[in-house]
Protein chains: 2
Amino acid sequence: MTRKIPQSTVRRLSHYLRSLEGFEGSGGTISSEELAARGQTTAAQVRKDLSHFGSFGKRGLGYQVDELRARLRQILGIDRSWRVGLVGAGRIGLALFDYPAFQARGYDCVAIFDADPAKIGEAWGEQTVRSPDVFEEVLRELDVELVILAIPASAAQEMAERAVEAGVKGILNFAPIRLNVPPKVPVQDVNLVMELEALSFAISQAERNA
Amino acid sequence: MTRKIPQSTVRRLSHYLRSLEGFEGSGGTISSEELAARGQTTAAQVRKDLSHFGSFGKRGLGYQVDELRARLRQILGIDRSWRVGLVGAGRIGLALFDYPAFQARGYDCVAIFDADPAKIGEAWGEQTVRSPDVFEEVLRELDVELVILAIPASAAQEMAERAVEAGVKGILNFAPIRLNVPPKVPVQDVNLVMELEALSFAISQAERNA
DNA sequence: CTACATTTGTGAAGTTTTTCACAAACAGCG
DNA sequence: CGCTGTTTGTGAAAAACTTCACAAATGTAG
């Protein structure tokens, strides 16, 4: 039953999990209807999404909140912790490093890199900013599974390749370019300019149709 | 011909524009084939995407780079500048404020707000951090069209409502909640936790199928 | 001016995702 | 224990999106 899962389903699963986290009546149950209401989707969609991964509701009752939450964490792969390397100690890197939800969800930042000599050696929490010279070496040594690229587009492709070379399993990419890496290494792009453009498009569109 | 445009089309338009910007042979032309190669999609998709907005290619030749670039900017609503209000002067707010591509694309940050008394009055570039007490007033006075919410989830809904009340036309939301605003005000969500979850899902999935 | 080599724009076909609708399962109650 | 009121899980229908394939343009070369 678990074959090709739509990206949109994955995004909704995150939403469901978020809803359940802000739901302290942990002992109780929740219906697809209620879950849908919190997530701006439909009950049928919720059930279909979940059905991709098995059937863990009780007919007539709904879903056990505790259990569903645990199951979603498992599906999303956050029922464990991830060893993360942060590449780029600029504003965005700093913001991510400090992001509370980050650590809280098991994403452990175990190394920070930056090419700027002025930054190398700087202490960030328990971490120290390192030189890219020791990139592969450190990634391997610390068994980093996932890197966050918060560097300019010009450097991103090279660092992505080096990360893959060092055995990283996935990349969260903030640089506004399409990385060229082997398909076995998933890349998730976050492109702030694109988000702003989507917004100004939507506004312009609304105005045109008004 | 311009009716309901898929969100995925809008994202691709951004990509096309990005490709064209890194293409200095401005006088020349580019074919849908070439554009597709740079954007990880297909020629047919490129043509279909563009065809939603008219037909501005020349058969046998392709698209005039200059013209297409201008047309894309117009479609995306960035052939003008936007007056932006930044709500939340934390790490994320700072990162966005400093983001070079930001100013470069006509997003003008004209006001910054934060509830933390320690931050109010702080100078950021030419801006000074203001109190939320004067939120609506300032938004109206400066004619802010677009706000960026870089604040905790607990405060986001309230500030969104107040922004709408003050006549804002769109919201870029970094808080991990679904904002409840009138449909005429588009909201674009950026959810870093969700991106990480999508990534860990993809990695886990790859491992399961391996 | 005609034949030719391209490349767009677009209906139609194909695929994917969402919505519908209903049988099956379950708790509660008398 | 059987009836009732829910709510799931899921095929089937509908809608949305992507790919195909080809006629209509357009520049080029002879």
Exercise. Can a salt bridge be assigned to the pair A/Asp143 and A/Arg83 using a cut-off of 4.0 Å between side-chain N and carboxylate O?
Worked result: no
For this session: Could you state the atom-to-atom distance from NZ of B/Lys48 to P of D/dC20 in whole Å?
Result: 13 Å
For this session: Flag the pair B/Glu136 and B/Arg140 as a salt bridge only when some basic side-chain nitrogen lies within less than 4.0 angstrom of an acidic carboxylate oxygen.
Result: no
Exercise. If you walk 5' to 3' along DNA chain C, what is the first nucleotide with an atom under 4.0 Å of a heavy atom in chain B, and what is the last?
Worked result: C/dT6 to C/dA12
For this session: Quick one: pull up CE in B/Met159 and CZ in B/Phe135 and give me the separation to the nearest 0.5 Å.
Result: 4.0 Å
Exercise. About how many Å separate CG of A/Leu192 and CZ of B/Arg105, when rounded to the nearest 0.5 Å?
Worked result: 11.5 Å
Exercise. Any side-chain N or O of B/Thr41 under 4.0 Å from OP1/OP2 of D/dT18?
Worked result: no
Problem set entry | Aromatic plane relationship, A/Phe102 with A/Tyr107 - under 30° parallel, 30 to 60° tilted, over 60° perpendicular | parallel
Exercise. Just wondering, more than 12 heavy atoms not from A/Lys58 lying within 6.0 Å of its NZ?
Worked result: no
Exercise. Which angle, to the nearest 10 degrees, lies between the helix axes at the two ends of the helix from C/dC1-D/dG30 to C/dG30-D/dC1, each defined by five pairs?
Worked result: 0°
Problem set entry | Base-contact (B) and sugar-phosphate-only (S) positions in nucleotides 23-30 of chain D, heavy-atom cut-off under 4.0 Å, - elsewhere | BBBBS---
Exercise. Only one of A/Leu172, A/Ile151, A/Ile148, A/Asp114 clears side-chain contact (heavy atoms from CB on, under 4.5 Å) with A/Val87; which?
Worked result: A/Ile151
For this session: Starting from P on D/dT8, measure out to CG on A/Leu68 and report it in whole angstrom.
Result: 11 Å
Exercise. Are B/Gln45 and D/dC17 close enough that a side-chain N or O sits under 4.0 Å from OP1 or OP2?
Worked result: no
Exercise. Do the side-chain N and O atoms of A/Ser14 and B/Glu197 include a donor-acceptor pair separated by under 3.5 angstrom?
Worked result: yes
Problem set entry | Flag for B/Asn191-B/Glu195: side-chain donor and acceptor within less than 3.5 Å | no
Exercise. Roughly, in whole Å, what's the span from NZ in A/Lys4 to C1' in D/dT18?
Worked result: 12 Å
For this session: Grab the two heavy atoms, one from B/Trp82 and one from B/Glu145, that are nearest each other, plus how far apart they are.
Result: CA-OE1, 3.6 Å
For this session: Can you spot which of A/Arg38, A/Arg69, A/Arg73 makes a salt bridge (Lys or Arg N to Asp or Glu O under 4.0 Å) with A/Glu21?
Result: A/Arg73
Problem set entry | Distance in angstrom units between A/Tyr63 OH and D/dT7 P, rounded | 12 Å
